[in-house]
Amino acid sequence: MRNTAPPLSFVQELETSLAGNIGVGVEASNATVAGDDAYHANSGGTLVLPPMDPYGPKTRWIDMFARGVAGCQWTLSPWAPYVLLSEKTGYAGGENGTDTRVYVSIDWAKAPAAPNTTTVNINVTSSCGTGWGNYNAPMIQVPVTNVAVPSDFTGFVESDKHISIEAEHSSRNTAVKGVSYVTLPSHGRTLSGVTLMPVLAPSQPAGTGPVLEYDIYTFTNTSVANVTLLLSPSLNQNGGDRPLKYGIAFDSETPQVKQFVGNWTGGGSPPGWLGAVSDSVWGMTASGNTTTTKHNLSKTGKHTLKIWAVEPGVIFQKIIIDFGGVRSSYLGPPESFRSGVDKVGTYKGENFAGVEVRDVVSTG
């Protein structure tokens with residue numbers, strides 16, 4: 001054994017990228033332009049930011065960075081005055097250049113009202129004649145939808161075709177014959193867990209036992225909304241005759257009962273258990289599709305989601321309602337805007353170290 005340096009490679013400082021001196025990247029995309037790569041076929045020059053609406057994150061971002069030898073000034077020019085940029089021009093490359101993250105926000109008082117989505121283009125220009133190499137200048141697109149919920153609505157609001165809910169933030173919860181839900185602070189992967197107490201309570205049939213209710217407001221008309229619950233990796237603590245189950249329904253639906261821990265006998269583990277342990281949760285890809293149900297939400301507007309823990313030992317962590325906009329991630333999307341708690345224009349839509357960062361409406 002000996003101490004050796006790992007293999008080294010060197011970047012040729014005297015040669016400019018085939019795609020020029022400046023690169024552009026945007027939030028939620030692996031692609032960068034100008035140029036062609038595995039994430040942006042056919043040498044296209046357009047990048048699309050995630051959708052923006054009043055109930056989503058207050059900003060999206062664009063990265064402007066150097067990938068050549070020349071120092072070049074860049075300029076971003078939105079086609080609509082209600083699309084605001086933290087910086088419209090900068091200098092990348094050379095001895096005095098710097099990479100820059102530009103934040104995009106919307107002046108909602110001036111943006112056109114829904115129901116239609118307006119796509120606003122942002123032109124990108126460079127002071128260098130070879131700023132984009134052999135490619136056309138990039139263009140960034142911002143989908144903008146200026147929607148609104150009723151002033152008296154309190155609850156979670158759809159944005160970017162999904163709703164994400166921390167289980168403890170129920171609109172209402174009930175108790176039946178001394179059995180009720182309790183919150184386990186800091187339990188789980190993001191905020192907390194919610195479970196039935198006492199732990200030796202009898203089975204609580206869906207539709208009759210204690211229920212957690214969540215008021216939501218939707219804008220997407222869909223006959224198939226996928227609802228995934230992220231649940232702690234519990235096992236059938238009450239034996240094979242009482243496997244862990246939960247019930248779920250919207251509004252007046254008949255509850256669907258989901259048994260997420262499979263039946264098994266003898267040694268070993270139930271199907272999906274190793275994946276649930278590695279993810280620290282039932283409901284992710286590694287544990288299989290055991291906590292996802294499909295629902296018809298073809299009517300937009302206010303709905304109430306109801307979930308029941310049929311057995312003690314079921315621990316709810318997070319609820320993800322997907323209307324077709326959920327992107328792949330390990331922790332799932334950050335918790336959605338809560339009307340009555342969050343304020344339009346200040347909601348950040350992000351998580352940090354398991355604690356959500358949000359500005360709230362002052363009540364004092």
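Because the structure is a prediction, the values reported are computed rather than measured.
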Is there a path of hydrophobic side-chain contacts, each under 4.5 Å between heavy atoms of I/L/V/M/F/W/Y residues, joining Y347 to Y55?
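Same cluster.
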*In terms of hydrophobic clustering (I, L, V, M, F, W, Y; side-chain heavy atoms under 4.5 Å; direct or indirect links), are V144 and M139 co-clustered?*
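Yes, it is one cluster - the side chains of V144 and M139 are joined through contacts under 4.5 Å.
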Going by the ring pair (Phe, Tyr, Trp, His ring centres under 6.0 Å) test, which pairs reach into residues 183-236, not counting sequence neighbours?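 Qualifying pairs: F153-Y217, Y217-F219.
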With a 3.5 Å distance limit and no angle check, can you tell me whether [X] reaches the backbone of [Y] through a side-chain donor-acceptor pair?
{"X": "T220", "Y": "K161", "value": "no"}
{"X": "D251", "Y": "E253", "value": "no"}
{"X": "Y246", "Y": "L229", "value": "no"}
{"X": "T174", "Y": "V211", "value": "yes"}
{"X": "T59", "Y": "Y103", "value": "no"}
{"X": "E311", "Y": "K245", "value": "no"}
{"X": "N21", "Y": "A70", "value": "yes"}
{"X": "R189", "Y": "Y330", "value": "yes"}
{"X": "N221", "Y": "S298", "value": "yes"}
{"X": "Q256", "Y": "K294", "value": "yes"}

On a heavy-atom basis, which atom in [X] and which in [Y] lie closest, and how many Å separate them?
{"X": "R242", "Y": "P312", "value": "NH2-CD, 3.7 Å"}
{"X": "V24", "Y": "P138", "value": "CG2-CG, 4.1 Å"}
{"X": "P270", "Y": "G262", "value": "CB-O, 3.8 Å"}
{"X": "E87", "Y": "R101", "value": "OE2-O, 4.3 Å"}
{"X": "S29", "Y": "L47", "value": "OG-CD2, 4.3 Å"}
{"X": "W108", "Y": "N146", "value": "O-ND2, 3.1 Å"}

Neighbour count >12 (heavy atoms, 6.0 Å) for atom [atom1], [X]:
{"X": "N296", "atom1": "CG", "answer": "yes"}
{"X": "L331", "atom1": "CG", "answer": "yes"}
{"X": "D241", "atom1": "CG", "answer": "no"}

Can you check side chain to side chain contact (heavy atoms under 4.5 Å, CB included) on T208 and V176, steps first, answer last?
CA-CA 8 Å; T208 62; V176 176; over 6 Å; no
Parallel under 30°, tilted from 30 to 60°, perpendicular over 60°: which one fits the rings of Y181 and F316?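 If you compare the ring of Y181 with that of F316, the planes turn out tilted.
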Interatomic spacing from CZ in R338 to CG in D215 - rounded to 0.5 Å: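 Between atom CZ of R338 and atom CG of D215 there are 11.0 Å.
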- Query: For residues 271-290, which residue pairs qualify under side-chain hydrogen bond (donor to acceptor under 3.5 Å, both in side chains), counting only residues two or more places apart or in two chains?
  - Reply: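 The answer is N289-T292.
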Apply side chain to side chain contact (heavy atoms under 4.5 Å, CB included) to the pair S336 and E158, showing each step before the final yes or no.
CA-CA 7 Å; S336 296; E158 176 193 345; over 6 Å; no
| field | Check against side chain to side chain contact (heavy atoms under 4.5 Å, CB included), V227 and I319 | value | CA-CA 7 Å; V227 181; I319 305 161; 4.0 Å; yes
- Cut-off 3.5 Å, side chains only: do S232 and Q317 have a donor facing an acceptor?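 There is such a pair (donor and acceptor under 3.5 Å, judged by atom type) between the side chains of S232 and Q317.
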Would you please test T46 and V33 for side chain to side chain contact (heavy atoms under 4.5 Å, CB included) and show each step? CA-CA 8 Å; T46 300; V33 294; over 6 Å; no
